[in-house]
Each structure stands twice: as structure tokens, then as C-alpha cells.
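Below you'll find the structure I mean.
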Amino acid sequence: MKQYAVIGCGRFGASVARTLYGTGHDVLAIDQDEDVIQDLADSVTHAVQMDATDESSLRSLGVRNFDVAVIAIGSDIQSSILITLLAKELGVKYVVAKAQNELHAKILYKTGADRVVLPEREMGVRVAHNLVSSNILDYIELAPDYSIAEITPLKEWIGKNLKDIDIRVKYGVTIMAIKRKAEINISPSAQDVICHEDVIVVVGHNNDIQKIERKSQ
């Protein structure tokens, strides 16, 4: 189980924080707005109201011990850059930062961000699932409880056909398609064998997709 610090809990940051916590991880949420923190308090492990641009405050929270920091500051570009820099200098292993535009993204990368996301292109939920599981390649919400996910195969699936894997019974999700290099099989049969380089497109309840996420960790 990894530890995540989410700094800046507007719509995007709160979505990331809740999703990470919902997948069973420790989440520290930080925001200047006390009302925001109160709203999130029951949806994360810890919620703290503070100014994250204050290096001593960040240090006192032990941010350096977190596996990932998500810098989801809203419109304050200067604060977002400063906090990204502080997180890296304090020793956070992996820093994901939200950018307002391409120029902001370039600056964040130069500041030390390991990954930069533009919320217009990536939903908070999708980012969170990407962070939690290396085998989740893409994640699209169809409804509050159901999603489509592109996943890489679990080791135990490779070399087996779909009948043997029995993903519907074991995980409760349905395989929609199998992508292999430039080709896509939109109606895979029970005898189709999973290869290492395949990308599997599944649809199902979020809880069932999370079973596959946890299995890959």
C-alpha cells in the first residue's frame, strides 16, 4: 500500500484524493481552505488545512516519506511551481503536478515534476487509477460506478486463452476487445490466447476493475 499526498483539493485534487483512498491507499489531503478540508475529512486518511508553500510546514508533515505527491493547485501557477520544487527538494519519490497550459507544463517539468497532467485532457479519477496500478493504461468513467479500462495482462494470464482465464467469473468484468500492435479484435472468442504485448479493453463495475489493479501491485 502506497502513501499519497494530494496538495490542492479543488475539483480535480479532491477527485484524485477520493479515488486513491477508495482503492485502499493512505492519502494525506492538504488545502488552504478549511471548508474544503472538512468536506474531504471522511474521504481520505488525513486532511490538513495549511499553506503548502511554507517549507517548514511541509517538512513537519513528513512529506518526504510519501511515495507520491500530487500537486493539484488551481489557478495559482506560482504556488504550483514552488510546491513542486519543494516536494522534490524534500525528497518525495514521485511528483505529479497539474498544469494550466503547455507553458506551465514545461516549467513544471524543468522544476522537477516526474509527470505533468492537464486536467482538460485527463480526469482526476483516471490519473489516480494510472498512479495506483502500472497495468491500467487508460480509464474512462461511463457512470459513477462503471468504467472502461485498458489494461496490460496479469502475468498469470499470458499464454492462456480467455476460457481458461475466465475473467468474467474471477473478476466480474467483461472483455470488450484485445489490441495487439496495430490490430484490434473487437469480438474475441473463448479460444483467443493472451500475449505479453496485448492490451485488453474491459468494462465493469469500478470495484471489480480495482480487483485487477490490486492483483497487479
Side-chain angles (χ1 to χ4, degrees), residues 1-23 25-134 136-141 213:
M1 182 171 63
K2 288 185 176 180
Q3 291 185 306
Y4 295 84
V6 179
I7 302 172
C9 297
R11 190 164 50 183
F12 176 78
S15 176
V16 172
R18 288 192 175 100
T19 304
L20 290 170
Y21 183 72
T23 56
H25 295 271
D26 277 338
V27 178
L28 166 66
I30 301 171
D31 197 280
Q32 288 195 77
D33 190 322
E34 191 168 348
D35 290 336
V36 168
I37 288 302
Q38 287 180 354
D39 287 343
L40 261 181
D42 294 333
S43 304
V44 295
T45 314
H46 301 290
V48 178
Q49 186 265 323
M50 60 166 272
D51 178 4
T53 61
D54 183 340
E55 182 177 356
S56 61
S57 296
L58 268 187
R59 191 186 299 275
S60 69
L61 282 176
V63 168
R64 65 180 301 276
N65 297 317
F66 284 77
D67 298 291
V68 180
V70 181
I71 317 301
I73 301 296
S75 57
D76 190 341
I77 291 177
Q78 184 176 339
S79 291
S80 124
I81 294 166
L82 177 56
I83 296 168
T84 299
L85 180 62
L86 288 175
K88 291 306 289 186
E89 288 188 342
L90 289 172
V92 178
K93 301 176 187 72
Y94 192 80
V95 173
V96 180
K98 168 188 168 184
Q100 296 297 314
N101 50 51
E102 294 290 346
L103 178 58
H104 185 197
K106 287 180 182 178
I107 296 170
L108 288 168
Y109 274 124
K110 289 184 181 296
T111 305
D114 298 285
R115 181 177 173 196
V116 175
V117 295
L118 290 143
E120 294 78 10
R121 301 178 192 173
E122 298 190 64
M123 297 178 300
V125 169
R126 185 185 302 182
V127 172
H129 282 278
N130 289 160
L131 289 171
V132 167
S133 179
S134 59
I136 298 290
L137 302 178
D138 205 350
Y139 198 93
I140 301 168
E141 280 190 305
E213 287 182 336

Output yes when a side-chain donor or acceptor of Thr84 lies under 3.5 Å from a complementary backbone atom of Ser80, and no otherwise.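 Present.
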
Crowding at NZ, Lys110 (>12 non-hydrogen neighbours, <6.0 Å):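 Count not over threshold, so no.
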
Any sub-3.5 Å donor-acceptor pair from Tyr4's side-chain atoms to Val70's backbone N or O?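 Not a single qualifying donor-acceptor pair exists.
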
Between Leu58 and Val63, what is the shortest heavy-atom contact and its length?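 So the two residues come closest at O-CG2, 3.4 Å.
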
Just how far is it from atom CG of Asp35 to atom CD of Gln49, taken to the nearest 0.5 Å?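 If we round to the nearest 0.5 Å, Asp35:CG and Gln49:CD are 9.5 Å apart.
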
In plain terms, say whether Asp114 and Lys88 are close enough for a salt bridge, that is, a side-chain N and a carboxylate O under 4.0 Å apart.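 Salt bridge: yes.
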
Does His46 reach the main-chain N or O of Leu28 with its side chain, forming a donor-acceptor pair under 3.5 Å?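 Checking the backbone N and O of Leu28 against the side chain of His46, no donor-acceptor pair under 3.5 Å is found.
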
Give the minimum heavy-atom separation between Gln100 and Ile73, together with the two atoms involved.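 Distance-wise, the nearest heavy atoms are NE2-O, 4.1 Å.
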
Point-to-point distance, once rounded to the nearest 0.5 Å, from CD1 of Ile71 to OG1 of Thr111: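 With rounding to 0.5 Å, CD1 (Ile71) is 11.0 Å from OG1 (Thr111).
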
Is Gln32 reaching over with its side chain to a backbone N or O of Met50, donor-acceptor style, under 3.5 angstrom?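 Looks like no, no N/O pair under 3.5 Å.
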
Does Asp31 use its side chain to pair, donor to acceptor, with the backbone of Val36 at less than 3.5 Å?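 Not at all, since once roles are kept as given, no pair shorter than 3.5 Å links the two residues.
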
Identify the two heavy atoms, one from Ala29 and one from Cys9, that lie closest to each other, and give their separation to 0.1 Å.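 In terms of heavy atoms, the two residues are closest at CB-SG, 3.7 Å.
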
Spatial distance of atom CG (Leu40) from atom CD1 (Ile30) [nearest 0.5 Å]: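 One finds 12.0 Å between CG of Leu40 and CD1 of Ile30.
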
Find the distance between CG (Leu85) and CD1 (Ile81) and round it off to the nearest 0.5 Å.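 Spacing of CG (Leu85) from CD1 (Ile81) equals 9.5 Å.
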
If you apply the rule side chain to side chain contact (heavy atoms under 4.5 Å, CB included), what do you find for Ile83 with Thr53, and how did you get there? CA-CA 6 Å; Ile83 296 168; Thr53 61; 3.8 Å; yes

Least distance between heavy atoms, Ala52 atom then Leu86 atom: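 Minimum heavy-atom separation between Ala52 and Leu86: O-CD1, 3.9 Å.
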
Can you tell me how far CG of Asp42 sits from CZ of Arg18, rounded to the nearest 0.5 angstrom?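 Output value for this atom pair is 10.0 Å.
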
Minimum heavy-atom distance Leu118-Glu102, with the two atoms named: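 Minimum heavy-atom separation between Leu118 and Glu102: CD1-OE2, 3.8 Å.
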
Given 3.5 Å as the limit, does a donor-acceptor pair link the side chain of Ser15 with the main chain of Arg11, or not?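 No, the answer is negative, given that no donor and acceptor are paired below the 3.5 Å cut-off.
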
Could you tell me which non-hydrogen atom of Ala113 sits nearest to which non-hydrogen atom of Ala97, and how far apart they are?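 In terms of heavy atoms, the two residues are closest at CB-CB, 4.3 Å.
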
As a quick check of understanding, evaluate side chain to side chain contact (heavy atoms under 4.5 Å, CB included) for Leu108 and Lys98, giving each step before the final call. CA-CA 9 Å; Leu108 288 168; Lys98 168 188 168 184; over 6 Å; no

Spatial distance of atom CG (Leu20) from atom OG (Ser43) [nearest 0.5 Å]: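 Separation between the atoms: 12.5 Å.
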
